[in-house]
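Step one of this worksheet: look at the structure below.
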Amino acid sequence: MATATATLAASVRSRRPAWAAFRKAVTRTPGRLAGLIIIVFFVLMGICGPWFYGRLAVDPNALYAPPSAKHWLGTDFAGSDVLQEVVTGARYVLATAALSALFTSLFGVTIGLVAGYQRGLTDSVLMRLTDFVLTIPGLPLLILLSTVWSFGSPWEMGLVLGITGWGGVARAVRAQALSLRERGFLEAARGLGLSRRHIIVKEMLPNIAPYATMQLMLSMIAFVGAEVGLFFLGLVPFSSTNWGVMLNQAVFSGGAMETPAALIYLLAPLVCILLLTLGIVLFLDAIDELFNPRLRERA
């Protein structure tokens, strides 16, 4: 019992400096704190929003209704509540962007680290594979796959975007891995006879983690734009409610470019995309300081 208590106390003490550094980096400027609040707001919207709203309700007697106590953002051309569509559509957009960024980071970091550490034939094979992925045109591939998949699940689109998007990350991680490979602590690890797996996972990965984290968040911005753009252009089936579908229907079905009554249906998802992007960019400043010792010293 005493041993378990001592272990728990040591674990808590080891987490405190990390939490204190995170809190200090986030609260250093109002912009960073605002970025974190925006991100948390959209995450909660994506997770909890559909639980409160449930199925999308349609009221044919309230077409283009103005904002009111019943419909805070009014209704669209079909009589659907715009706020409800924004909230329920957030889950698909955020889940797809998160999964795409996760797959990109997972594939890119793994292949980049292995290629940079192994060098030789393994490096050549993995880099030719990376070059092949970089040449795959993502947009035509998605159009082709849309004839087979409905992309109704975030997993489907997230997997396709992630598989076609990891090439650049792998190239960048490989360059950093080649630099790390010649450092003294890795030469010492090899001299001690540690396994390749141990060196890559325990020694190299922690040094790449800050870069991977930054790439993951930047990738989310790019993937939000990519998926919303695909739905807006009508290149993939409308199998789910999301912000891209809202933009498409606002322009091509709701007449948002012609009638002011439909303008809020167009602006609502656009404002959400801009706010989410702004939140990630502001929060990245805190992440940069958290992982960069020089910035911490100057602060």
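In this chain, residues are counted from 1 in sequence order.
A single hydrophobic cluster is not seen to contain both I163 and V236; linkage of ILVMFWY side chains at heavy-atom distances under 4.5 Å, directly or through other members, places them apart. No continuous path of hydrophobic side-chain contacts links M217 to V173 [ILVMFWY only; heavy atoms under 4.5 Å]. In the hydrophobic clustering of ILVMFWY residues, with side-chain heavy atoms under 4.5 Å counting as a link, V281 and V26 come out together. Residues V201 and I208 are members of separate hydrophobic clusters, defined by side-chain heavy-atom contacts under 4.5 angstrom among Ile, Leu, Val, Met, Phe, Trp and Tyr. Grouping the Ile, Leu, Val, Met, Phe, Trp and Tyr side chains by contacts below 4.5 angstrom, directly or via other members, places V40 with I221.
A pairwise comparison of heavy atoms in T104 and W166 identifies O-CB, 3.5 Å as the closest pair. Between Y211 and A172 the shortest heavy-atom distance is OH-CB, 2.8 Å. Taking all atoms of both residues into account, the shortest heavy-atom contact from F107 to G162 is CD1-O, 4.3 Å. For L247 against P269, the heavy-atom pair with the smallest separation is CD2-CG, 3.6 Å. Pairing each heavy atom of V86 with each of M45, the nearest pair is O-SD, 4.2 Å. The shortest heavy-atom contact between L266 and A256 is CB-CB, 3.8 Å.
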Intermediate values then yes/no, side chain to side chain contact (heavy atoms under 4.5 Å, CB included), T96 and F151:
CA-CA 10 Å; T96 301; F151 291 112; over 6 Å; no
Exercise. Kindly determine whether I280 and I39 satisfy side chain to side chain contact (heavy atoms under 4.5 Å, CB included), including the steps that lead there.
Key: CA-CA 7 Å; I280 293 175; I39 293 173; 4.2 Å; yes
Item checked: Worked verdict on Q118 versus R196 for side chain to side chain contact (heavy atoms under 4.5 Å, CB included) -> CA-CA 9 Å; Q118 290 291 106; R196 294 174 184 171; 3.3 Å; yes
Q) Between Y92 and F231, does a ring-ring contact (aromatic ring centres under 6.0 Å, His included) hold up when you go through it step by step? A) CA-CA 12 Å; Y92 185 96; F231 280 108; 5.7 Å; yes
F77/T259 under side chain to side chain contact (heavy atoms under 4.5 Å, CB included): CA gap, chis, key distance, verdict
CA-CA 11 Å; F77 66 97; T259 171; over 6 Å; no
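No side-chain donor-acceptor contact under 3.5 Å links S80 to the backbone of D76. Looking at Y64, its side chain does come within 3.5 Å of a backbone N or O of G254 through a donor-acceptor pair.
Between T213 atom OG1 and L284 atom CG the span is 10.0 Å, to the nearest 0.5 Å. Here the straight-line distance linking atom CG of L205 with atom CG of L180 works out to 10.5 Å at 0.5 Å rounding. One finds the CZ atom of R23 at 13.0 Å from the CG atom of L36 (value rounded to the nearest 0.5 Å). Rounding to the nearest 0.5 angstrom, the gap separating the CG atom in L106 from the CG atom in L99 is 11.5 Å. Atoms CE and OG, from M157 and S100 in turn, are 8.5 Å apart once rounded to the nearest 0.5 Å. Atom CG of residue D81 and atom CG of residue L73 lie 7.0 Å apart, to the nearest 0.5 angstrom.
Within the 4.5 Å cutoff, the side chain of F238 has heavy atoms near those of the N248 side chain. The closest side-chain heavy-atom distance from F232 to V251 is below 4.5 Å. Taking the side chain as every heavy atom from C-beta outward, V82 and M246 approach each other to under 4.5 Å. Side-chain contact between V224 and T277 is absent, with no heavy-atom pair separated by less than 4.5 Å.
Between D131 and R171 there is a salt bridge, with a side-chain nitrogen of the basic residue lying less than 4.0 Å from a carboxylate oxygen of the acidic one. In this structure, D285 does not pair ionically with R28, as no charged nitrogen and carboxylate oxygen lie closer than 4.0 Å.
Counting heavy-atom neighbours within 6.0 Å of R128 CZ, excluding the residue itself, gives a total above 12. Other residues, nucleotides and ligands contribute at most 12 non-hydrogen atoms within 6.0 Å of the CE atom of M257.
With a 4.5 Å cut-off between side-chain heavy atoms of Ile, Leu, Val, Met, Phe, Trp and Tyr, the cluster of L121 takes in V125. Hydrophobic cluster of L282: the remaining members, joined at side-chain heavy-atom separations below 4.5 Å, are L278, listed by chain and number.
Residues in residues 181-193 take part in these side chain to side chain donor-acceptor pair (under 3.5 Å) pairs, two or more places apart or across chains: R119-E182.
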